[in-house]
Amino acid sequence: MAQGGIGSSVKRKEDARFLTGRGTYVDDIVRPGQTHAVFVRSPHAHAKIKAVKTAEALKAPGVVAVLTGADLAADKVGNLPAGWLIHSKDGTPMVEPGHMALVADKVRHVGDQVAVVVAETKDQAREAAALVEVDYEPLPAMVGLAQAIAPGAALVHDQAKANTCYDWHLGDKAATDAAFAKAHKVVTLDLVNNRLIPNAIEPRAAIGEFDRVTGDLTLYTTSQNPHLIRLLLSAFTMGVPEHKLRVVAPDVGGGFGSKIFHYAEEFVTLWAARRIGRPVKWTATRSEAFMSDAHGRDHVTHCELALDKEGRFLGLRERTLANMGAYLSQFAPSVPTYLHATLLAGCYTTPAIYSEVRAVFTNTVPVDAYRGAGRPEATYLIERLVDVAAREMGMDRVDIRRKNLIPKDKFPYQTPVALQYDSGDYQATLDAALKKADWAGFEKRRAEAKARGKLRGIGISTYVEACGIAPSAVVGALGGRVGLWESAHVRVHPTGSITIFTGAHSHGQSHETTFAQLAAEKLGVSTDQVEVVHGDTAKSAFAMGTYGSRSLAVGGTAIVNAIDKIIAKGKKIAAHLLEASEGDVDFKDGKFTVRGTDRAKAFGEVVLAAYIPHKYPANLEPGLEESAVYDPKNFTFPAGCHICEVEIDPDTGVTQVIAFTAVDDVGTVINPMVVEGQVHGGVAQGIGQALLEGAQYDDQGQLLSGSFLGYTMPRAGDLPSYQVGTEVTACTHNPLGVKGVGEVGAIGSPPAVIGAVCDAIGVRHIEMPATPERVWRAIRDAKKA
Amino acid sequence: MPSISLRVNGKSVRAEVEGRTLLVELLREKLALTGTHVGCDTSQCGACTVHVDGRSVKSCTMLAVEADGREVTTIEGLAGADGKLSPVQAAFAEHHGLQCGFCTPGMVMSATDLVRRNPGATEAQIREWLEGNLCRCTGYHNIVKAVKAAAQAGGK
Ligand code: FES
Ligand code: FES
């Protein structure tokens, strides 16, 4: 193995700057002559805008400009697009209302942007923003899903009848109904995937800049995918060709999905910069982030599982209401459909599945992908049904799972809901997790806890997810409006150091280290010799960025494919230098050798020859750099088993997570330290969803959980240390055999936590977040019953 | 505007500040010490944690004028003059106690205060101490591990 190559826990290259305060996040950047933007946001969930009066604000000290929706309309810019088109059951396209970056007609959620004030200082902009007077005529706020679809409900968008965006389905309804008709037992459950607020610790920020000489526009923004933002700016919001646009996403402080999307504010800073001819900077306050970052989840589901006498799953069906919020954020339509319903087989052999999903507009913040996006919702639904089925069939929760897991000799496995899983060994992750968590010894721990007056419970989830998104042709067939390939460029410099340019973006994922490990492994160089460049459209080639656990499976594959081209060219050069035929040259451990001889050239010698081609093959270009683009052949399918143990204080309902075990199969592991870190973070978000987090609106559409005071983020004291392990089955369709690890923690964990809570207090189901109040009430109700 | 003088990372600094200017604004905007971050507006996240006279303080909760005459250390001032990482910084790197790096300066400053006060801190004490610092990336596991290691190494 090369030093620092695949499989070694190389320490991170990015840490030196982050640990000494030298990271460069957007808000750290100061551009010459920069001004500051503050947005005027709606205090109403739903109201007509009768007038926007800016005269007083314009007179305030330091104010450079006050811009409104009318200015956008005059410039014919600023309509934010949706990136995915879903068709309803009846074949009609989803209702796709426009989303203007500054609204002029009516506001549709608290926090909707009405105007922007640009001033010399942030304080001046803030003070002037308070002087912008907006006359509102309040309308009834449609807050909850049931309320929004009730007859006579006020319409969030006039064109969306019954506030419905689409009414979609997937699967074979007749086959599924038939499976239910012959079932020995049908288990039904109503459940909620609670609305979450992503809360990356770095608030969103943007700086727009306009070069008056060249007409070039530069946007610094907190994005997971600067190229995608440039494309959307070019084709939709700004209408400026790509070659005049540069988007830079420097160090970004976490994303979790919320920094994928093209947001109004980043567009507005760029547009305003062009109008005033000076850089415009905006940084969200946390309060703004709560009401303007896309939220996640928010599904209300009725689901059913049909079983035979032995507990085999015969069919599954569900009806989900999915909250889109007030506007369609870019990926929003795909989350409850193709990222959710296609996963409903889970890791089981359920032969018939039918899913109906109705997407609904409400007067709330738009909802879009958040760590896991659709797969946590699916996993929660399946795993809760399985637990309830075990309870109602009088079966053991492990046995019922074991009985239904897809056996390892059945791969590739075609599910009834479109996906074909390429590889996996679900019994192996289950067995490893049971052992690691000492499942067998649990009852002793329960008894011991009982002696201390605590209710102890254990929960389990076995899951599979689809990531490494995605084959462009498949995505296109499902309504995606983009390709989802990834690009890489690998430049070997004359003295042998290497720069990797990637379209993937690292905002915590450690690409600067793990991608360097790929080069170390393949080329036999040290990771110190490799630099990974990302986050700037002026530097790397067009690509799609980082989300859906795709960076390694798609972006990493592009990198190794480019490296393979380097090696192939190196062989030609080495063959010439060694006077051998190209076919006889091997490359291993940083050395080109002639098979069957001791003749060899080190990688560095061949590199030097490529740049100083004194002795060089005719017909071969000098230099050594290669590009590759990789469009995956399939999704990847990480899977695993999560086990959670909780203790509950019956007097207060407070739940403490005592132990959490995760054994995941994420395919080949490049850096075990990084993989474990990704699982830790994902599990923390999953525990957060299960026990702590939940966006709360009042019936006027005011966000009650609008700050860290009202929204319960997981803190160090709320969480345990985790036990994490991996089992490996290689992905069969990418050269590294990698699957992806970014989201598994958040996908597998919530049902394990809720399963543990239900086990502890002996109830069938409890909604997330299982707050002390809910748990306390559930204990009380169980006693009464 | 009031004029204040203080020491920041061992250097004397004089600055004109408005009465309402927060210490974090002085550091980030006037002194270009952008290692100290702002993650919230309700004093809940701890990303802005610095040391004032050796004690960890959320710099978004303190006015710049209150720092007059005092000794402030930020993340930029923690490593040795030779660039050698402090024991807490080194432990964070060793144990992968950071991912996106945004909470990290505050975490490191807060943890440094803890290990100085309580070098024998247990896991439970570390978790309790870090109550005021949010991290969305790491799930805290490796942060706790790093702080424990630094404490055991007699970190300062
Ligand atoms: S910025 Fe100071 S606590 Fe959040
Ligand atoms: S490392 Fe990203 S918030 Fe802590």
Side-chain angles (χ1 to χ4, degrees), chain A residues 9 11-12 14-25 27-30 122-123 198-203 251-256 283 285-287 506-510 673-674 676-685 687 707-709 713-722 724 745, chain B residues 18 20 25 28-29 32-45 47 74-79 83 85-86 88-90 92-106 108 123-124 126-145:
Chain A
S9 287
K11 301 291 176 255
R12 300 205 319 163
E14 35 280 84
D15 287 356
R17 70 174 187 277
F18 291 147
L19 280 166
T20 53
R22 287 181 287 117
T24 306
Y25 302 85
D27 190 55
D28 301 340
I29 296 171
V30 177
K122 218 193 290 183
D123 285 336
N199 278 321
I201 303 300
E202 178 204 25
D251 288 327
V252 172
F256 317 110
T283 302
T285 62
R286 179 59 56 186
S287 305
S506 188
H507 32 280
Q509 291 85 345
S510 319
M673 173 189 86
V674 167
E676 285 175 20
Q678 288 294 310
V679 174
H680 297 160
V683 167
Q685 282 168 319
I687 294 174
S707 79
F708 288 146
L709 292 163
M713 292 278 283
R715 292 175 184 269
D718 300 318
L719 299 167
S721 283
Y722 318 99
V724 169
Chain B
E18 287 183 59
R20 64 178 170 180
E25 291 169 335
R28 287 183 56 80
E29 290 162 25
L33 292 169
T34 55
T36 301
H37 295 155
V38 176
C40 72
D41 45 10
T42 52
S43 300
Q44 294 275 306
C45 77
T74 70
I75 189 73
E76 289 92 341
L78 206 57
L85 296 181
S86 77
V88 173
Q89 287 171 312
F92 269 64
E94 180 65 27
H95 296 284
H96 189 28
L98 63 154
Q99 292 182 21
C100 78
F102 197 81
C103 73
T104 308
V108 167
E123 172 167 346
I126 294 168
R127 287 184 183 275
E128 194 187 340
W129 178 268
L130 294 177
E131 197 64 15
N133 291 76
L134 286 174
C135 174
R136 195 55 148 167
C137 296
T138 64
Y140 305 100
H141 180 111
N142 284 340
I143 291 176
V144 172
K145 206 162 137 190

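As a basis for the values below, the full set of heavy atoms in this structure was taken, side chains included, without hydrogen atoms, waters or symmetry mates.
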Structural part of B:Glu131 lying under 4.5 Å from a heavy atom of chain A
both
side-chain hydrogen bond (donor to acceptor under 3.5 Å, both in side chains) partners of A:Arg17, counting only residues at least two apart:
A:Asp251, A:Glu512
Considering all heavy atoms of both residues, which atom of B:Cys100 and which atom of A:His507 are nearest to each other, and what is their separation?
CB-O, 3.3 Å
Would you say the side-chain atoms of B:Tyr140 pair up with the backbone N or O of A:Pro714, donor to acceptor, closer than 3.5 Å?
yes
Residues A:Lys122, B:Glu25: salt bridge by 4.0 Å N-O rule:
no
Heavy-atom pairs under 4.5 Å with chain B are the metric here; pick the option from A:Val683, A:Asp123, A:Val724 that has the most.
A:Asp123
What part of A:Gln678 lies closer than 4.5 angstrom to a heavy atom of chain B: side chain, backbone, both or neither?
both
Measuring from atom SG of B:Cys137 to atom CZ of A:Phe256, what distance do you get when rounded to the nearest 0.5 angstrom?
3.5 Å
Between A:Ala684, A:Gly253, A:Ser506, which residue shows the highest count of heavy-atom pairs closer than 4.5 Å to chain B?
A:Gly253
Need one label for B:Thr104: side chain, backbone, both or neither, based on atoms under 4.5 Å from any heavy atom in chain A.
side chain
B:Leu85 versus chain A, the contacting section by heavy-atom distance below 4.5 Å:
side chain
I need the minimum non-hydrogen distance between B:Asn133 and A:Arg715, along with the two atoms involved.
N-NH1, 4.3 Å
Whether B:Arg136 side chain and A:Ala200 backbone form a donor-acceptor pair below 3.5 Å
no
Top residue by heavy-atom pair count (under 4.5 Å) with chain B, among A:Asp718, A:Val679, A:Thr283, A:Thr20?
A:Thr20
Donor-acceptor pair, A:Tyr25 side chain versus B:Gly101 backbone, under 3.5 Å?
yes
With chain A, the option among B:Val144, B:Ile75, B:Asp41 that has the most non-hydrogen atom pairs under 4.5 Å is B:Asp41
Tell me every residue that passes side-chain hydrogen bond (donor to acceptor under 3.5 Å, both in side chains) with A:Asp15, counting only those two or more places apart in sequence or in another chain.
A:Arg12
Is a donor on one side and an acceptor on the other found under 3.5 Å between the side chain of A:His680 and the backbone of B:Gly139?
no
Looking only at B:Glu18, B:Glu76, B:Arg20, B:His37, the option with the highest number of non-hydrogen pairs under 4.5 Å against chain A is B:Arg20
Looking only at B:Cys40, B:Gly35, B:Gly39, the option with the highest number of non-hydrogen pairs under 4.5 Å against chain A is B:Gly39
Hey, are A:Asp28 and B:Arg28 close enough for a salt bridge, meaning a charged N less than 4.0 Å from a carboxylate O?
yes
Counting only non-hydrogen atoms closer than 4.5 Å, does A:Val674 touch chain B with its backbone (N, CA, C, O), its side chain (CB onward), both, or neither?
both
For B:Glu94, is it the side chain, the backbone, both or neither that has a heavy atom under 4.5 Å from a heavy atom of chain A?
both
Go through the steps to decide whether A:Leu719 and B:His141 satisfy the test side chain to side chain contact (heavy atoms under 4.5 Å, CB included), and finish with yes or no.
CA-CA 8 Å; A:Leu719 299 167; B:His141 180 111; over 6 Å; no
Of the listed residues (A:Ser510, A:Gly21, A:Ser721), which shares the most heavy-atom pairs with chain B below a 4.5 Å separation?
A:Ser721
Side chain to side chain contact (heavy atoms under 4.5 Å, CB included) between B:Thr42 and A:Arg286: does it pass, once the steps are laid out?
CA-CA 8 Å; B:Thr42 52; A:Arg286 179 59 56 186; 5.7 Å; no
Region of A:Ser287 that comes under 4.5 Å of a non-hydrogen atom in chain B
both
